[in-house]
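Below you'll find the structure, written out as structure tokens, and then a few comments.
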Amino acid sequence: MRRTLIAGNWKMNGDLVTNAALLQAVRAGAQAHSAELVVCVPAPYLAQTQAALESSSVAWGAQDMSAHEAGAYTGEVAGRMLKDFACRYVILGHSERRSMHGESSADVAKKTKQALAHGLTPIVCVGETLAEREAGSTSHVVQEQLQPVLSEVLDQLKHIVIAYEPVWAIGTGKTATPEMAQEVHALIRQQLAAADSAAANVVRILYGGSMKPDNAVDLLAMPDIDGGLIGGAALKAADFLAIAQASQP
Ligand code: PGA
């Protein structure tokens, strides 16, 4: 069975003092949950996060990485650097990176391959904008975003995580209904199955977009929603842990 994964995306938030309290509280509360917990923190805080979470049940990761191995890529962070800080996960293709940093699905596919080459588990994000949903093109958009990744790492699909994050639900307080989300998650699983049927059963598909303690139970009860990618609510330990609690059978 697929173990529930609750991943926090801190985005560009935090400082040494607030992080210390948040990491300590997440660590202290984590044992009580059967879900796997991960925090994806800004790169400068990876060393702090590693020190705070080492030998705990909480994993950590980054929010992006380079598609390249090393070299003249000013400002970029390489996969092997993330491994130096014992990252297990890396978020790739978040809609904020696609829209503000011009990342294409082909770029995301290359980063996914590079992450896997370094033993990192990529959390590959896909999702439609409001205009795309209203135009009835949600499934087309999501499938087009995912396909380059599936082709690039076809032989390693079982090692990836996918996050469906409708752009209109991110940071807006608007959540997809559990049924709306389930419909897209089922489509994604079908697309996976067409590429590799064994992988389709094990790949976890997370929902993201204003997931909070009060809507998490219904979302996580859906058959193809295997966890959450949590933005705003991951900055409060109590909310993050309450979402993990919501996933308990
Ligand atoms: P949100 O962000 O939970 O604040 O909507 C989710 C995300 O962007 O990953």
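One-based numbering, in listed order, for ligands and for the atoms of each. Since the model is a prediction, treat every value here as computed from it, not as a measurement.
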Parallel, tilted or perpendicular: ring planes of His68 versus Tyr73, cut at 30 and 60 degrees
parallel

Got a second to check how far Arg3's CZ is from Asp226's CG, nearest 0.5 Å?
13.0 Å

Single-linkage hydrophobic cluster, 4.5 Å side-chain cutoff, Ile91 and Tyr45 together
no

Within the structure, is a non-hydrogen atom of Lys212 found at a distance of less than 4.0 Å from ligand 1?
no

For Glu132, is the CD atom crowded, meaning more than 12 foreign heavy atoms sit under 6.0 Å from it?
yes

Going by side-chain contact (heavy atoms from CB on, under 4.5 Å), Arg2 matches just one of Val203, Asp224, Val161. Which one?
Asp224

Near Leu229 (heavy-atom distance under 4.0 Å), the atoms of ligand 1 are 6 (C), 9 (O)

What part of Ala169, side chain, backbone, both or neither, has a heavy atom within less than 4.0 angstrom of ligand 1?
backbone

Can you name the one residue among Arg97, His101, His94 that meets side-chain hydrogen bond (donor to acceptor under 3.5 Å, both in side chains) with Asp64?
Arg97

Nearest non-hydrogen protein atom, atom 3 (O) of ligand 1:
Gly231 N, 2.9 Å

min-distance protein heavy atom vs atom 4 (O) of ligand 1 -> Gly232 N, 2.9 Å

Could you tell me which atoms of ligand 1, counted from 1 in the order shown, lie closer than 4.0 angstrom to a heavy atom of His94?
7 (C), 8 (O), 9 (O)

Check whether any heavy atom of Gly171 sits under 4.0 Å from an atom of ligand 1.
yes

Should you measure from each heavy atom of Lys11, which atoms of ligand 1 turn up under 4.0 Å away?
2 (O), 7 (C), 8 (O)

Rounded to the nearest 0.5 Å, what separates atom CD1 in Ile188 from atom CD1 in Ile162?
6.0 Å

Below 4.0 Å from any atom of ligand 1, is there a heavy atom belonging to Gly209?
yes

Which residue and heavy atom of the protein sit nearest atom 9 (O) of ligand 1, plus the separation
Glu165 OE2, 2.7 Å

For ligand 1, note which part of Asn9 has a heavy atom under 4.0 Å away: side chain, backbone, both or neither.
side chain

Under 4.5 Å between side-chain heavy atoms, counting indirect links through other Ile/Leu/Val/Met/Phe/Trp/Tyr residues: same cluster for Val141 and Val108 or not?
no

